[in-house]
A.B. asks: 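Here it is: the structure, laid out below.
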Amino acid sequence: MTWLILILAGLLEVAWAVGLKYTAGFTRPVPSVLTLLAMAGSVGLLGLALRNLPLGTAYAIWTGIGTVGTVIFGIIVLGEPASVARLVCIAMIVAGILGLKLATA
């Protein structure tokens, strides 16, 4: 259950990172409120996951999910470049996330 909570925290990190793009500097009320809720939920769930996971592992996986998810969103939705170098770097982040998961049974 702890890993599921951490994954949800990471997905909410993607949501708030993407949400920042749509808040227009927190001048648009609905995107701003949704972004702030996603931020609070993400950090709150990370805090719950830290009850049972090592800090370094949980934080690295949380930020890794956020990074990978945000880049993928940018590529698919915003038309950002999907160069070989970017994709290789994303693959290395995913490999690191999986490695940390396997090392923390």
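From a predicted model like this one, the values you see are computed outputs, not experimental measurements.
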A.B. asks: Give the minimum heavy-atom separation between Ala9 and Ser42, together with the two atoms involved.
C.D. replies: O-OG, 2.8 Å
A.B. asks: What are the two closest heavy atoms between Gly64 and Ile97, and how far apart are they?
C.D. replies: C-CD1, 3.5 Å
A.B. asks: Find the distance between CD1 (Ile5) and CG (Asn52) and round it off to the nearest 0.5 Å.
C.D. replies: 8.0 Å
A.B. asks: Report yes if the side chains of Leu6 and Leu46 come closer than 4.5 Å at any heavy-atom pair, otherwise no.
C.D. replies: yes
A.B. asks: Who pairs with Thr63 by side chain to side chain donor-acceptor pair (under 3.5 Å), at least two apart in sequence or on another chain?
C.D. replies: none
A.B. asks: Filter on salt bridge (charged side-chain N to carboxylate O under 4.0 Å, His left out), then keep only pairs touching residues 17-31, sequence neighbours left out; what's left?
C.D. replies: none
A.B. asks: With sequence neighbours left out, which residue pairs that include part of residues 61-78 fulfil the salt bridge (charged side-chain N to carboxylate O under 4.0 Å, His left out) condition?
C.D. replies: none
A.B. asks: Share the residues that join Leu34 in a hydrophobic cluster, the rule being Ile, Leu, Val, Met, Phe, Trp or Tyr side chains under 4.5 Å apart at the heavy-atom level.
C.D. replies: Val30
A.B. asks: Would you mind listing every salt bridge (charged side-chain N to carboxylate O under 4.0 Å, His left out) that reaches into residues 38-51, with sequence neighbours excluded?
C.D. replies: none
A.B. asks: Can you run down the salt bridge (charged side-chain N to carboxylate O under 4.0 Å, His left out) pairs that involve residues 2-14, sequence neighbours left out, and say none if there aren't any?
C.D. replies: none
A.B. asks: Write down the atom of Pro54, the atom of Thr104, and the distance for their closest heavy-atom approach.
C.D. replies: CD-CG2, 3.7 Å
A.B. asks: Over all heavy atoms of both residues, which pair between Pro29 and Thr27 is shortest? Give the atoms and the distance, please.
C.D. replies: CD-O, 3.5 Å
A.B. asks: Between Leu12 and Gly41, which heavy-atom pair has the shortest distance, and what is it?
C.D. replies: CD1-C, 3.6 Å
A.B. asks: Output the rest of the hydrophobic cluster of Phe26: all Ile, Leu, Val, Met, Phe, Trp and Tyr residues reachable through side-chain heavy-atom contacts under 4.5 Å, sorted by chain and number.
C.D. replies: Trp16, Leu20, Leu36, Met39
A.B. asks: What pairs of residues pass the ring-ring contact (aromatic ring centres under 6.0 Å, His included) test when at least one of them lies in residues 33-68, not counting sequence neighbours?
C.D. replies: Tyr59-Trp62
A.B. asks: Could you list who else is in Val33's hydrophobic cluster, with ILVMFWY side chains joined at under 4.5 Å, directly or through other members?
C.D. replies: Leu37
A.B. asks: Among all residues two or more places apart in sequence or in another chain, which pass the side chain to side chain donor-acceptor pair (under 3.5 Å) test with Ser32?
C.D. replies: none
A.B. asks: Which pairs would a plain distance check flag for residues 70-87, meaning a side-chain donor or acceptor within less than 3.5 Å of a matching protein atom at least two apart in sequence or in another chain?
C.D. replies:
{"unit_1": "Thr70", "atom_1": "OG1", "unit_2": "Gly66", "atom_2": "O", "d": "2.6"}
{"unit_1": "Ser83", "atom_1": "OG", "unit_2": "Arg86", "atom_2": "N", "d": "3.2"}
{"unit_1": "Arg86", "atom_1": "NH1", "unit_2": "Pro81", "atom_2": "O", "d": "2.5"}

A.B. asks: Would you give the length of the straight line joining atom CD1 of Ile61 to atom CD1 of Ile65, rounded to the nearest 0.5 angstrom?
C.D. replies: 7.0 Å
A.B. asks: Throw together a table of side-chain donor-acceptor distances under 3.5 angstrom for residues 89-96, partners on residues two or more places apart or in other chains.
C.D. replies:
none

